[in-house]
Amino acid sequence: MSYPQQRPRRLRRTETWRRMVRETHLSVDRFVYPLFVVPGEGVRSEVSSMPGVFQLSIDLLVTEAVEVHELGIPAIILFGVPDHKDAEGSEGYDPEGLVPRAVRALKHEVPELQIWADVCLCEYTDHGHCGLLTPTGEVDNDATLPLLSEAAVVYARSGADVVAPSDMMDGRIGAVRAALDENGFGEVPIVSYAVKYASAFYGPFRDAAHSAPAFGDRRGYQMDPANTTEALREVALDLEEGADVVMVKPAGPYLDVIRRVRDAVAVPVAAYQVSGEYSMIKAAAANDWIDERRVVLESLLGIRRAGADIILTYFAKDASRWLKQG
Ligand code: PBG
């Protein structure tokens with residue numbers, strides 16, 4: 001096939017043409033904004049490695065959620081950062097814990113805002129791992145499942161619209177689905193962090209959530225960054241077990257994985273632009289090395305173009321404002 005007269009630039013010369021032939025669009029409809037909730041009142045403390053991201057007490061979380069809702073962002077995802085941590089991560093499934101109380105307050109004040117509850121033990125365990133430990137210090141997959149299931153039921157009971165297990169235990173989606181169904185929450189969808197890599201890009205999140213593992217690392221349960229076929233295996237398992245949406249995380253360094261997953265499944269695919277991706281852009285922008293607005297929108301567009309239907313991003317508020325300005 002040869003087209004000697006072709007000049008693609010003809011269709012790039014004017015904004016009208018660019019508008020007409022644009023293949024991918026960013027929209028606020030696709031964004032989920034992550035929020036960190038801490039104990040106390042009147043607390044709004046900036047995460048030092050994530051300028052513009054705050055740990056909020058429930059009262060100020062509600063104020064923030066009102067603003068998020070007014071910007072048109074459809075959903076938030078909540079992470080609890082408790083004072084009390086123990087070996088079993090018991091605050092993670094305490095009905096009077098931070099997240100259930102936050103969800104009830106949010107549902108009371110901003111009922112239309114969709115609330116996703118992250119389900120994991122790492123924010124709640126004193127050792128910082130995502131599950132219970134065996135006496136030899138390994139993460140005990142099967143003993144962890146009932147606790148994750150209990151957390152999911154507690155969050156659903158407090159009013160969470162979505163549960164999002166991020167722990168990477170095998171079989172957790174099936175366990176959580178069964179527990180939700182048995183407790184009358186058959187309508188609550190599961191967004192599975194199906195493809196979650198053992199990534200260095202989570203560094204700033206671990207400052208924000210005080211969830212760095214006290215020893216070892218997460219490579220025994222999170223995925224090897226070198227693998228993509230394995231991602232399809234994780235996705236297939238989670239779909240068999242009842243996941244409604246599958247997530248790839250991180251996003252930017254894994255665009256090929258997002259595309260492979262998007263092409264392989266018929267459910268919505270979410271992607272999480274994680275803390276390290278945020279912090280790198282923020283740091284470069286603070287130095288005036290890059291144009292923050294353009295880089296943020298381009299990074300989000302790249303994630304959309306790779307095939308993500310939904311994007312979890314700390315830039316959701318800024319991006320929504322910028323998209324409105326056009
Ligand atoms: C685990 C969890 C993590 C993130 C979301 N859920 C951290 C981890 O696995 O260490 C990371 C999100 C981010 O880096 O923004 N509950």
Side-chain angles (χ1 to χ4, degrees), residues 32-71 73 75-130 147 150-164 166-167 202-214 274-275 278-279 282 312-318:
V32 180
Y33 188 53
L35 286 168
F36 299 97
V37 56
V38 290
E41 243 190 81
V43 183
R44 180 178 160 85
S45 69
E46 193 166 31
V47 179
S48 57
S49 53
M50 301 179 75
V53 171
F54 297 84
Q55 298 173 325
L56 300 165
S57 53
I58 292 176
D59 53 332
L60 297 186
L61 176 78
V62 169
T63 314
E64 178 79 6
V66 171
E67 191 189 331
V68 169
H69 177 58
E70 283 169 359
L71 283 167
I73 297 167
I76 60 170
I77 180 161
L78 268 190
F79 297 98
V81 189
D83 279 343
H84 168 78
K85 303 192 186 217
D86 57 29
E88 292 80 36
S90 51
E91 182 158 345
Y93 36 92
D94 177 353
E96 290 309 315
L98 263 182
V99 166
R101 282 188 287 127
V103 173
R104 290 195 290 269
L106 289 165
K107 276 292 149 193
H108 187 258
E109 296 294 331
V110 221
E112 311 86 2
L113 183 67
Q114 190 181 91
I115 302 175
W116 297 17
D118 184 85
V119 175
C120 192
L121 296 190
C122 67
E123 296 109 277
Y124 304 98
T125 51
D126 50 14
H127 47 73
H129 279 287
C130 299
L147 303 184
E150 195 173 332
V153 170
V154 165
Y155 301 157
R157 188 167 288 134
S158 64
D161 300 286
V162 172
V163 295
S166 67
D167 51 282
Y202 307 148
F205 174 94
R206 293 175 188 176
D207 291 342
H210 303 154
S211 66
V274 301
S275 54
Y278 175 85
S279 300
K282 279 293 192 187
L312 290 78
T313 173
Y314 302 97
F315 289 117
K317 283 170 58 188
D318 288 334

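Here the structure is a predicted model, which means the values were calculated and not measured. If you read the sequence from its start, that first residue is 1, and numbering goes on from there.
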(message) How about CD on Glu112, more than 12 heavy atoms from neighbouring residues, nucleotides or ligands closer than 6.0 Å, or not?
(response) yes
(message) To the nearest 0.5 Å, what is the distance between CG on Leu113 and CD on Glu70?
(response) 11.0 Å
(message) With rounding to the nearest 0.5 angstrom, report the CZ to CD1 distance, Arg101 to Ile58.
(response) 4.5 Å
(message) If you compare all heavy atoms of Ala117 against all heavy atoms of Ala160, which two are closest, and at what distance to 0.1 Å?
(response) CB-CB, 4.1 Å
(message) For the CD atom of Glu91 and the CG atom of Leu121, what is their distance to the nearest 0.5 Å?
(response) 12.0 Å
(message) With a 4.5 Å cut-off on side-chain heavy atoms, are Leu56 and Val38 touching?
(response) no
(request) With the side chain counted from C-beta on, respond yes when Asp167 and Cys122 share a heavy-atom pair under 4.5 Å apart, and no when they do not. (result) no
(request) Sorted by first residue and then second, give each ring-ring contact (aromatic ring centres under 6.0 Å, His included) pair with at least one member in residues 91-127; sequence neighbours left out. (result) none
(request) Side-chain contact test, heavy atoms from C-beta onward, threshold under 4.5 Å: evaluate it for Glu109 versus Thr63 and give yes or no. (result) no
(message) Between Glu150 and Arg157, does any NZ, NE, NH1 or NH2 come within less than 4.0 Å of an OD or OE carboxylate oxygen?
(response) no
(request) Look up atom CZ in Phe36 and atom CG in Asp118, then write down how far apart they are to the nearest 0.5 Å. (result) 9.5 Å
(request) To the nearest 0.5 angstrom, please state how far the NE2 atom of His84 sits from the CG atom of Asp126. (result) 8.5 Å
(request) Would you confirm whether Glu88, through its side chain, and Thr125, through its main-chain N or O, come within 3.5 Å as a donor-acceptor pair? (result) no
(request) Give the minimum heavy-atom separation between Tyr33 and Val68, together with the two atoms involved. (result) CD2-CG2, 3.7 Å
(message) Are Arg206 and Ser275 packed together at the side-chain level, in the sense that at least one heavy-atom pair is separated by less than 4.5 angstrom?
(response) no
(message) Minimum heavy-atom separation for Asp207 and Ser49, please, with both atom names.
(response) OD2-OG, 2.9 Å
(request) Let me see the working for Val99 and Tyr155 under side-chain contact (heavy atoms from CB on, under 4.5 Å), right down to the final yes or no. (result) CA-CA 7 Å; Val99 166; Tyr155 301 157; 3.8 Å; yes
(request) Check whether any side-chain heavy atom of Glu64 sits under 4.5 Å from a side-chain heavy atom of Lys317, and report yes or no. (result) yes
(message) Ignoring hydrogens, what is the shortest heavy-atom contact between Val47 and Pro204? Give both atom names and the distance.
(response) CG1-O, 4.3 Å
(request) Quick one: closest heavy-atom pair of Lys282 and Pro51, and the distance? (result) CE-O, 3.5 Å
(message) Less than 4.5 Å apart, side chain to side chain, heavy atoms only: is that true for Phe205 and Tyr278?
(response) no
(message) Using 0.5 Å steps for rounding, measure from the CD atom of Glu96 to the OG atom of Ser158.
(response) 9.5 Å
(request) Assess the side chains of Glu123 and Ser211: does a donor N or O sit below 3.5 Å from an acceptor N or O? (result) no
(message) With heavy-atom distances below 4.5 Å as the criterion, would you say the side chains of Cys120 and Cys130 are in contact?
(response) yes
(request) Return the minimal non-hydrogen interatomic distance between Leu78 and Ala102, and the atom names on each side. (result) CD1-CB, 4.0 Å
